[in-house]
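What follows is one structure encoded as structure tokens, with my remarks underneath.
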Amino acid sequence: MKQTNYERLRTEDAIDLFGKQWMLVTAGNAQGFNTMTASWGGIGWLWNKPVAFVFVRPERYTHEFIEQNERLTLSFYTEAYRKALQLCGTKSGRDTDKVAATGLTPVPLKSGAMTFAEARLTIEGRKLFKAPMQESHFLDAEILERWYGAHGGLHDVYVVEIENVYEG
């Protein structure tokens with residue numbers, strides 16, 4: 001993986017990157033980590049820092065690893081890995097060895113955070129902020145009903161400082 005800086009992200013369509021290409025959110029280290037597929041998030045500028053933000057439900061196994069670690073990665077893949085990302089989004093790491101099931105190759109970064117050799121792009125971030133979503137904060141009741149009515153709990157929102165960007 002080639003390390004670059006956040007300026008590399010200027011060449012990406014951030015809406016397409018997060019919304020259509022999906023990503024793996026990975027937290028932990030070489031001794032223990034978990035990954036999950038996500039498509040909600042974004043990148044921007046906050047508190048004079050380049051940041052990414054992601055949404056993770058507390059009941060997800062990856063949430064435990066995010067809570068226990070200072071850093072996480074957001075990794076993006078070509079269409080050839082869509083089936084691997086589908087598996088990571090439908091199976092829990094509590095019950096399934098996702099690395100074995102997908103054939104993805106874990107790679108520890110200098111900080112100890114994890115990504116995968118197959119990623120075309122990895123954002124490494126340090127947690128800056130976390131807040132739980134609350135029903136009373138939804139201004140559009142239709143969004144609450146559509147996305148949370150029968151789908152489980154509300155997400156936690158994490159804002160992470162983009163520390164490094166890697167190209168596969």
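- Residues Leu74 and Val107 do not share a hydrophobic cluster, clusters being chains of Ile/Leu/Val/Met/Phe/Trp/Tyr side chains in contact below 4.5 Å.
- With sequence neighbours excluded, no residue forms a ring-ring contact (aromatic ring centres under 6.0 Å, His included) with Tyr166.
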Criterion side-chain contact (heavy atoms from CB on, under 4.5 Å) on Trp47 and Val159, from CA distance to verdict
CA-CA 11 Å; Trp47 305 311; Val159 176; 3.9 Å; yes

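- Panel note: side chain Thr37, backbone Gly89; a donor-acceptor pair is recorded below 3.5 Å.
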Could you please spell out the steps behind the side-chain contact (heavy atoms from CB on, under 4.5 Å) verdict for Leu104 and Leu24?
CA-CA 11 Å; Leu104 294 174; Leu24 290 180; 3.8 Å; yes

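- When each of Arg57, Arg60, Lys91, His63 is paired with Met36, the side-chain contact (heavy atoms from CB on, under 4.5 Å) condition holds for Arg60 and for no other.
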N/O donor-acceptor pairs under 3.5 Å from side chains in residues 132-143, not counting sequence neighbours:
{"from": "Asp140", "atom 1": "OD1", "to": "Glu142", "atom 2": "N", "distance (Å)": "2.9"}

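- Here OG of Ser75 is found 9.0 Å from CE of Met23. Values are rounded to the nearest 0.5 Å.
- Qualifying side chain to side chain contact (heavy atoms under 4.5 Å, CB included) partners for Asp97, counting only residues two or more places apart in sequence or in other chains: Val99, Ala100.
- Among all heavy-atom pairs drawn from Ala52 and Ile162, the shortest one is N-CG1, 3.9 Å.
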Is there a side-chain contact (heavy atoms from CB on, under 4.5 Å) between Ile66 and Val25? Walk through the geometry before answering.
CA-CA 9 Å; Ile66 293 171; Val25 177; 4.0 Å; yes

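- The salt bridge (charged side-chain N to carboxylate O under 4.0 Å, His left out) check on Glu70 picks up nothing, with sequence neighbours excluded.
- Linking Ile, Leu, Val, Met, Phe, Trp and Tyr residues whenever their side-chain heavy atoms come within less than 4.5 Å leaves Tyr77 and Leu121 in two separate clusters.
- Applying the side chain to side chain contact (heavy atoms under 4.5 Å, CB included) criterion to Asn34, with sequence neighbours excluded, gives Tyr61, Thr62, Phe65, Lys98.
- Annotation: the span from Leu128 atom CG to Phe53 atom CZ amounts to 13.5 Å, rounded to 0.5 Å.
- Here Arg71 pairs with Glu163 under the salt bridge (charged side-chain N to carboxylate O under 4.0 Å, His left out) rule; sequence neighbours left out.
- Placement of Tyr81 and Leu87 in two distinct hydrophobic clusters is found when ILVMFWY residues are connected by side-chain heavy-atom separations under 4.5 Å, directly or transitively.
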Which pairs of donor and acceptor atoms, one on a side chain in residues 108-119, lie under 3.5 Å apart (sequence neighbours left out)?
{"from": "Lys110", "atom 1": "NZ", "to": "Gln3", "atom 2": "OE1", "distance (Å)": "3.1"}
{"from": "Ser111", "atom 1": "OG", "to": "Ala113", "atom 2": "N", "distance (Å)": "3.2"}
{"from": "Ser111", "atom 1": "OG", "to": "Glu124", "atom 2": "OE2", "distance (Å)": "2.2"}
{"from": "Thr115", "atom 1": "OG1", "to": "Thr122", "atom 2": "OG1", "distance (Å)": "2.7"}
{"from": "Glu118", "atom 1": "OE1", "to": "Thr105", "atom 2": "N", "distance (Å)": "2.9"}
{"from": "Glu118", "atom 1": "OE2", "to": "Thr105", "atom 2": "N", "distance (Å)": "3.3"}
{"from": "Glu118", "atom 1": "OE2", "to": "Thr105", "atom 2": "OG1", "distance (Å)": "2.8"}

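- Between His155 and Trp40, the angle of the ring planes lies from 30° to 60°, which puts this pair in the tilted group.
- Trp22 and Ile123 sit in two unconnected hydrophobic clusters of ILVMFWY residues. Membership requires side-chain heavy atoms under 4.5 Å apart, directly or through other members.
- For Glu67, the side chain to side chain donor-acceptor pair (under 3.5 Å) partners at least two apart in sequence or on another chain are Lys130, Tyr158.
- Scored by the side chain to side chain donor-acceptor pair (under 3.5 Å) test, Arg82 finds Glu79 as partners (sequence neighbours excluded).
- Residues Leu154 and Phe55 are members of one and the same hydrophobic cluster, defined by side-chain heavy-atom contacts under 4.5 angstrom among Ile, Leu, Val, Met, Phe, Trp and Tyr.
- Here the straight-line distance linking atom CD1 of Ile43 with atom CZ of Phe18 works out to 5.5 Å at 0.5 Å rounding.
- Not counting sequence neighbours, Phe33 has no partner by the ring-ring contact (aromatic ring centres under 6.0 Å, His included) test.
- With sequence neighbours excluded, the residues satisfying side chain to side chain donor-acceptor pair (under 3.5 Å) with Glu161 are Arg126.
- Gln31 pairs by the side chain to side chain donor-acceptor pair (under 3.5 Å) definition with nothing, not counting sequence neighbours.
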